[in-house]
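The structure appears right after this line, and notes come after that.
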Amino acid sequence: GIQVEQSPPDLILQEGANSTLRCNFSDSVNNLQWFHQNPWGQLINLFYIPSGTKQNGRLSATTVATERYSLLYISSSQTTDSGVYFCAVERTSGTYKYIFGTGTRLKVLA
Amino acid sequence: DTAVSQTPKYLVTQMGNDKSIKCEQNLGHDTMYWYKQDSKKFLKIMFSYNNKELIINETVPNRFSPKSPDKAHLNLHINSLELGDSAVYFCASSQRGQGSEKLFFGSGTQLSVL
């Protein structure tokens with residue numbers, strides 16, 4: 001099956017710093033999403049981004065499907081950005097099977 | 001107004017018992033899912049339903065039985081609970097074919113089997 005690896009596995013930042021999280025996948029995909037799991041366990045959908053670039057406030061994401069990776073950029077990080085970030089991919093559209101990556105655990109220090 | 005709600009939030013039970021987790025979504029979505037998150041935070045799909053029909057059963061033991069009485073509900077019943085079933089179970093929903101097939105998750109049910 002498809003492998004979804006995220007890097008780095010752990011990241012510690014000072015408030016105000018910028019960061020880039022990466023998601024690599026081993027096969028072509030039709031759909032890709034990014035999620036933030038906050039310290040209370042809630043999974044929040046950040047982006048639906050099968051290709052191209054999207055921005056939402058301090059967050060932006062880019063997926064280069066032909067090269068099998070996606071990037072999540074966090075600018076001017078805040079303590080509320082802490083948590084685990086996941087990417088999830090769907091190999092073939094209509095399979096209803098999103099495979100989650102290994103996650104990046106982010107801690108932002110005040 | 002919670003979009004995907006699941007109950008209970010916490011479930012503590014003894015080995016061998018049977019328990020259920022309920023999930024409801026008010027987003028009008030046609031697809032619902034159950035995911036399991038283990039102690040290392042790894043998220044794995046268990047089941048997906050589209051229009052009440054089972055689409056994916058991801059090699060889950062048959063002690064786990066999902067039931068979808070209608071498009072807005074997907075419940076999970078677990079028989080003969082084992083220690084290894086301890087995890088956080090998430091329900092999710094999405095809508096196909098509208099240009100953005102975002103997954104929306106419930107707040108999770110933390111199951112502890114003693």
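The chains referred to below are lettered A, B, ... by the order of the sequence lines, with proteins before strands, and numbering in each begins at 1. Any value given below was found using the heavy atoms of this structure, including those in side chains, with hydrogens, waters and symmetry copies removed.
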**Message:** Taking NZ in B:K102 as the centre, count heavy atoms belonging to other residues, nucleotides or ligands within less than 6.0 Å. Is the count above 12?
**Reply:** yes
**Among B:Q25, B:K52, B:E24, the one residue meeting side-chain contact (heavy atoms from CB on, under 4.5 Å) with B:H73** = B:E24
**Asked** What part of B:E58 gets closer than 4.5 Å to chain A, counting heavy atoms only: side chain, backbone, both or neither?
**Response** side chain
**Fill in**
Honestly, the part of B:F104 sitting under 4.5 Å from a heavy atom of chain A is neither
**Message:** Hydrophobic clusters here meaning ILVMFWY residues chained together by side-chain heavy-atom distances under 4.5 Å, can you tell me if B:Y35 and A:V84 are in one?
**Reply:** yes
**Complete:** When the 4.5 angstrom heavy-atom criterion is applied to A:F86 and chain B, the contacting part is side chain
**Request:** Name the region of A:L46, side chain, backbone, both or neither, that has any atom closer than 4.5 Å to a heavy atom of chain B.
**Result:** backbone
**Item:** Heavy-atom proximity to chain A below 4.5 Å, by part of B:T31
**Value:** side chain
**Message:** Using the rule given for side chain to side chain donor-acceptor pair (under 3.5 Å), can you reason through B:S20 versus B:H77, listing the C-alpha separation, both sets of side-chain angles and the distance that settles it, and then say yes or no?
**Reply:** CA-CA 4 Å; B:S20 291; B:H77 188 76; 2.6 Å; yes
**Residues B:D30, B:R96: salt bridge by 4.0 Å N-O rule** = no
Side chains of residues 67-74 of chain A: which donor-acceptor partners sit under 3.5 Å, not counting sequence neighbours?
residue : atom : partner : partner atom : Å
A:R68   : NH1  : A:S26   : O            : 3.0
A:S70   : OG   : A:W34   : NE1          : 3.0
A:S70   : OG   : A:T62   : O            : 3.0
A:S70   : OG   : A:T63   : OG1          : 2.9

**Message:** Are B:Y33 and B:Y49 an aromatic pair, judged by ring center distance below 6.0 Å?
**Reply:** no
**Request:** Side chain from CB out, backbone as N, CA, C, O: work out which of these in B:I56 comes under 4.5 Å of a heavy atom of chain A, or both, or neither.
**Result:** side chain
**Residues of residues 101-110 of chain A within contact distance of chain B, non-hydrogen under 4.5 Å** = A:G101, A:R105
**Message:** Only pairs of heavy atoms separated by less than 4.5 Å count here; which of B:K40, B:K41, B:Q110, B:K44 has the most with chain A?
**Reply:** B:K41
**Message:** Is there a continuous path of hydrophobic side-chain contacts, each under 4.5 Å between heavy atoms, that joins B:L11 to B:I78?
**Reply:** yes
**Complete:** From the list B:K9, B:K19, B:K22, B:Q6, side-chain contact (heavy atoms from CB on, under 4.5 Å) with B:T109 holds only for B:Q6
**Prompt:** If you measure from the Lys or Arg side-chain nitrogens to the Asp or Glu carboxylate oxygens, is any gap between A:E5 and A:R22 under 4.0 Å?
**Reply:** no
**Asked** At a heavy-atom separation under 4.5 Å, does B:I55 approach chain A through its side chain, its backbone, both, or neither?
**Response** side chain
**Prompt:** Checking heavy atoms, do the side chain of B:F90, its backbone, both or neither come under 4.5 Å from chain A?
**Reply:** side chain
